[in-house]
Amino acid sequence: METVFIISALKLVGYGLAAIGPGIGIGIACYGCCVASARQPELAGRLFTNFIIGAALAEALALLGFVLAFIL
Amino acid sequence: METAEVLGPLEFVNEHVPELQKSLMNPDWIIGDGGAVGFTQYVLWMLIVLAIVMIVVLTAAKKLNLVPSSKFTGLVEYGYNFVAKDIAEGSIGHGYKKHIPFLATLFFFILIANFVGLIPGCRTPTGTISITWALSLIAFVYFNYYGIKKKGGLGYLKSIAPSGLPKPMVPFIWLLEFISLVIRALTLAVRLFGNMFAGHMALGIFALLATGFIQGAIGGVVSPLLGSTSIVWMLFLVFMYALEMLVAFIQAYVFTILTAVYISLAESEH
């Protein structure tokens, strides 16, 4: 019983750790997107698309952590 | 009046969270009993959403004029235009026209599916992994099909790694890019599912907190002052609800634009 509890708790900790990196990464990407759109508003649409792609790539890691927390 | 033992607010939440989780994770089976084949509530709601999408789009398409005559037609046309211009043309560029029907179908289906779940008593079809998984597999097969059609099987496999790399780097980059290509199917599915599931879970927990505090105050377990924080939880719930509406739109948008970007990556000449 104790082991089961520890394992399920560790899964949550693992997910939390997996979410740190992507969180920082998406934050930086969003910052870059905002700054760049402020400098060149006419490029905002293109920049936003690029931001979404980058955020999706970064988010993949957090999503893997989410999946692992469920299936392990 | 003798009622069952009144629980404190936190015990109330603790007791009901597994129930909430069970109702979101293991939906009621309409046909079948949890075996491999069956028919869950989510599937029923998916069919309802399909019917809604058909009705909405077909009635709008019936009244097509050069100038939209009613507000409803204008709304649907705006949505279609949004997919065609902002999503398809913006990310695919040249030759985007043939992909519009697919992208628009995805967008409208996911958008309405996400919004249906916000109506109390309804379930969001995208809140279950099986349906988002099916959607992402469709998108995955679609963009790979167009990539292979454009470049041929070998050419497509070769084009996974960007050209112009130094020779020794090519196998590593190819492997990394290949993994990121395969993972796209997984991330598309899990992103939509995770956002919807977590959002509904959060809504449920705020609702439980609001109920638990007011129940505790009425039952005399907590002081009326603590019971009145129920109003704050209620406000949080309304706020979360508004946020969920935003998320419902953003997730439909993200799913569609990522599909469009993947199509453009598969078709582009590096």
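In this text, all values refer to a predicted model and were calculated from it rather than measured experimentally. A, B, ... follow the sequence lines: proteins, then strands. Residue 1 opens every chain.
- The parts of B/V190 that come within reach of chain A are both its backbone and its side chain, each placing non-hydrogen atoms under 4.5 angstrom from that chain.
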Step by step, would you call A/I52 with B/V261 a side-chain contact (heavy atoms from CB on, under 4.5 Å)? CA-CA 10 Å; A/I52 292 276; B/V261 166; over 6 Å; no

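- A heavy-atom distance below 4.5 Å is found between the side chains of B/L186 and A/L64.
- The line from CG of A/L61 to CD1 of B/I183 is 8.0 Å long, rounded to the nearest 0.5 Å.
- Atom CZ of B/F236 is surrounded by 12 or fewer heavy atoms from other residues, nucleotides or ligands within 6.0 Å.
- Taking the side chain as every heavy atom from C-beta outward, B/L265 and A/I53 never approach each other to under 4.5 Å.
- Atom CZ of B/F172 is surrounded by 12 or fewer heavy atoms from other residues, nucleotides or ligands within 6.0 Å.
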Donor-acceptor pairs between chain B and chain A under 3.5 Å, which ones?
residue: B/G90; atom: O; partner: A/R46; partner atom: NH1; Å: 3.1
residue: B/R191; atom: NE; partner: A/E59; partner atom: OE1; Å: 2.6
residue: B/R191; atom: NH2; partner: A/A56; partner atom: O; Å: 3.4

